[in-house]
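Okay, so here's the structure we're looking at.
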Amino acid sequence: MFVRVFHYIMKMAMYVIPWGMPKLIEGEDSILQLPEVIYKNGNRRVLVVADPFLTNNGYLQPLLDKMSELQLSYVIFSEVSPNPLDTEVENGVKMYIENNCDSLVAFGGGSPMDCAKAIGARVAKPKKSISQLQGLYRVLKKIPTLYAVPTTSGTGSETTVAAVITEASTHHKASINDNCLMPKYAVLDPKLTVSVPKRVTAITGLDALSHAVEAYTNHMYNTKLENDLAKKAVRLVYDYLYKAYEDGNNIDARSHMQKAAFYAGRAFTRGCVGNVHAIGHTLSGLYGMAHGEAMGILLPHVMRAYGEPVYKYLADLADVCNMCNGGTIKEKAEAFIVWIEELKEKMGVSVYPTCICESDIDQMVNWAFKEAVPLYPTPVVWKKEDYAKFIYSLMK
Ligand code: NAD
């Protein structure tokens, strides 16, 4: 009862929050337009945040060359691991301050994008640690102008208000959630994603799907906009994820998956994610599991565990994809879950996690519960014992 009252108050509060969206710079080679936008915004000294793979393999070069042409100065911060750490963020803040930077370009998947957001949050709030900023609206201050360039199609971080950071000392992975973290610009250049390997294409695509499905089934905070974006994202994943997986050079499929990730990111920015994420973050934090893999593994299990309260919503999504020729709501919902399972199987994504240690389950339950309750308007509100039962059920 208390939790549902909290959801109702949040729903009302959400009408006064200015949600917005980043300005889009879109299309093939649109990355080359970014330096001019940075220049016109009056920024001159950029901290470029990327991961070691992208930095060491020339992915940044066309952007850097164009920035040099415009005499924009930059320094590159590439100490970003998958599931970025608070210690890495601190080193990024140091580099930002030492080089007197005035803006941030986040180039890469969710890991560099979230690291850049967290650097921005710490620059705005120099006296607060990452763990003090994690939670809801703890930054509440303008961060340096942030330009986001996604090179995977999954997290949607280029349009979300979240930065997910893992505390190195405890392995606790948690979000900083604040509207000031939404990037000012997002560059959606599909050519940047053609080199994404098959496995990363699969799991990041499932991440986008999990955002759309959790936002849609949560339903309580959504307006028509979030519901429409979630449905569009699901249809795009249905039509294009496997195509992008089969042929990474299929620019049409890559472009549509980039849009799917963006729409799904915007849908969950207001609609919120749910227990797929709350539990998935514990798998990434404790065992280093890639975020998208955790999402892909958990999504069908969590939807099955919710049962009847989500049938209607999953049936809608099955209809969006024209999956069924008639049938009851329950049958359509089941068809939707089976589609996810079959898609995962075709792409070689595991059915169950194999990493969970029984001795960690109490910690997982506490972290997942703390993340989800009361914030996420999940279709079924779980008690701690429900989390424990669910996590035990994954240990096949
Ligand atoms: P990632 O950024 O860790 O990248 C995965 C791998 O793909 C890396 O090895 C990277 O080098 C490689 N890669 C990236 N782009 C490539 C390219 N174009 N070609 C070849 N390789 C490329 O993975 P991700 O799934 O994009 O991001 C995961 C992180 O995002 C997690 O920390 C997760 O918690 C976070 N996340 C954030 C939000 C949000 O709203 N802020 C939402 C979901 C997930």
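Every value quoted in this text rests on a predicted model; they were computed, and no experiment measured them. One-based numbering along the sequence shown.
No side-chain N or O of Ser131 forms a donor-acceptor pair with one of Gln134 less than 3.5 Å apart. Inspection of the Asn366 and Lys384 side chains reveals an N or O donor paired with an N or O acceptor under 3.5 Å. Inspection of the Thr201 and Arg254 side chains reveals an N or O donor paired with an N or O acceptor under 3.5 Å. Using modelled atom types, one finds no donor on one side chain facing an acceptor on the other under 3.5 Å when comparing Gln258 with Ser255. Side-chain contact of Ser81 with Glu88: a donor-acceptor pair under 3.5 Å is present, judged by distance alone.
Interatomic distance, Met95 CE to Glu79 CD, rounded to the nearest 0.5 Å: 8.5 Å. Going from atom SG of Cys355 over to atom CG of Asp360 covers 9.5 Å, rounded to the nearest 0.5 Å. Interatomic distance, His281 NE2 to Thr166 OG1, rounded to the nearest 0.5 Å: 8.5 Å.
Salt-bridge formation is detected for the pair Lys191/Asp29: a Lys NZ or Arg NE/NH1/NH2 atom is positioned less than 4.0 Å from an Asp or Glu carboxylate oxygen. For Asp178 and Arg138, the salt-bridge test fails: no basic side-chain N is under 4.0 Å from an acidic carboxylate O. A salt bridge does not link Lys243 to Glu246: none of the charged nitrogens lies less than 4.0 Å from a carboxylate oxygen. Salt-bridge annotation for Glu90 and Lys94: absent, with no side-chain N of the basic residue lying under 4.0 Å from a carboxylate O of the acidic one. One finds a salt bridge joining Arg304 and Glu341 here, because a Lys/Arg side-chain nitrogen approaches an Asp/Glu carboxylate oxygen to under 4.0 Å. Using a cutoff of 4.0 Å between basic side-chain nitrogens and carboxylate oxygens, Glu36 and Lys66 are not scored as salt-bridged.
When each of Asp51, Val49, Leu64, Leu60 is tested with Phe107 by the rule side-chain contact (heavy atoms from CB on, under 4.5 Å), just one qualifies, namely Leu60. Remark: of the listed residues Tyr376, Tyr387, Trp382, Tyr387 is the sole one forming a side chain to side chain donor-acceptor pair (under 3.5 Å) with Asn275.
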I'd like a table of donor-acceptor pairs (distance under 3.5 Å, sequence neighbours excluded) in which one partner is a side-chain atom from residues 153-164, with atom names and distances.
unit_1: Thr155; atom_1: OG1; unit_2: Ser157; atom_2: N; d: 3.0
unit_1: Ser157; atom_1: OG; unit_2: Asp114; atom_2: OD1; d: 2.7
unit_1: Ser157; atom_1: OG; unit_2: Lys117; atom_2: NZ; d: 3.1
unit_1: Thr160; atom_1: OG1; unit_2: Lys117; atom_2: NZ; d: 3.0
unit_1: Thr160; atom_1: OG1; unit_2: Ala162; atom_2: N; d: 3.3

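Under the 30°/60° scheme for interplanar angles, the aromatic rings of Tyr221 and His7 are found to stand perpendicular. A tilted orientation is assigned to the rings of Trp339 and Phe336, their planes being inclined by 30° to 60°. Relative orientation of the Tyr216 and Tyr313 rings is perpendicular, given thresholds of 30° and 60° on the angle between their planes.
Considering all non-hydrogen atoms of both residues, Met113 and Gly108 come closest at CE-O, 3.8 Å.
Proximity of a side-chain donor or acceptor of Glu167 to a complementary backbone N or O of Leu85 within less than 3.5 Å is not detected.
With hydrophobic clusters built from ILVMFWY side chains whose heavy atoms lie under 4.5 angstrom apart, Val3 does not share a cluster with Leu375. Grouping the Ile, Leu, Val, Met, Phe, Trp and Tyr side chains by contacts below 4.5 angstrom, directly or via other members, places Val187 with Val46. In the hydrophobic clustering of this structure, Ile279 groups with Val365; members are Ile, Leu, Val, Met, Phe, Trp, Tyr whose side-chain heavy atoms approach within less than 4.5 Å, directly or through other members.
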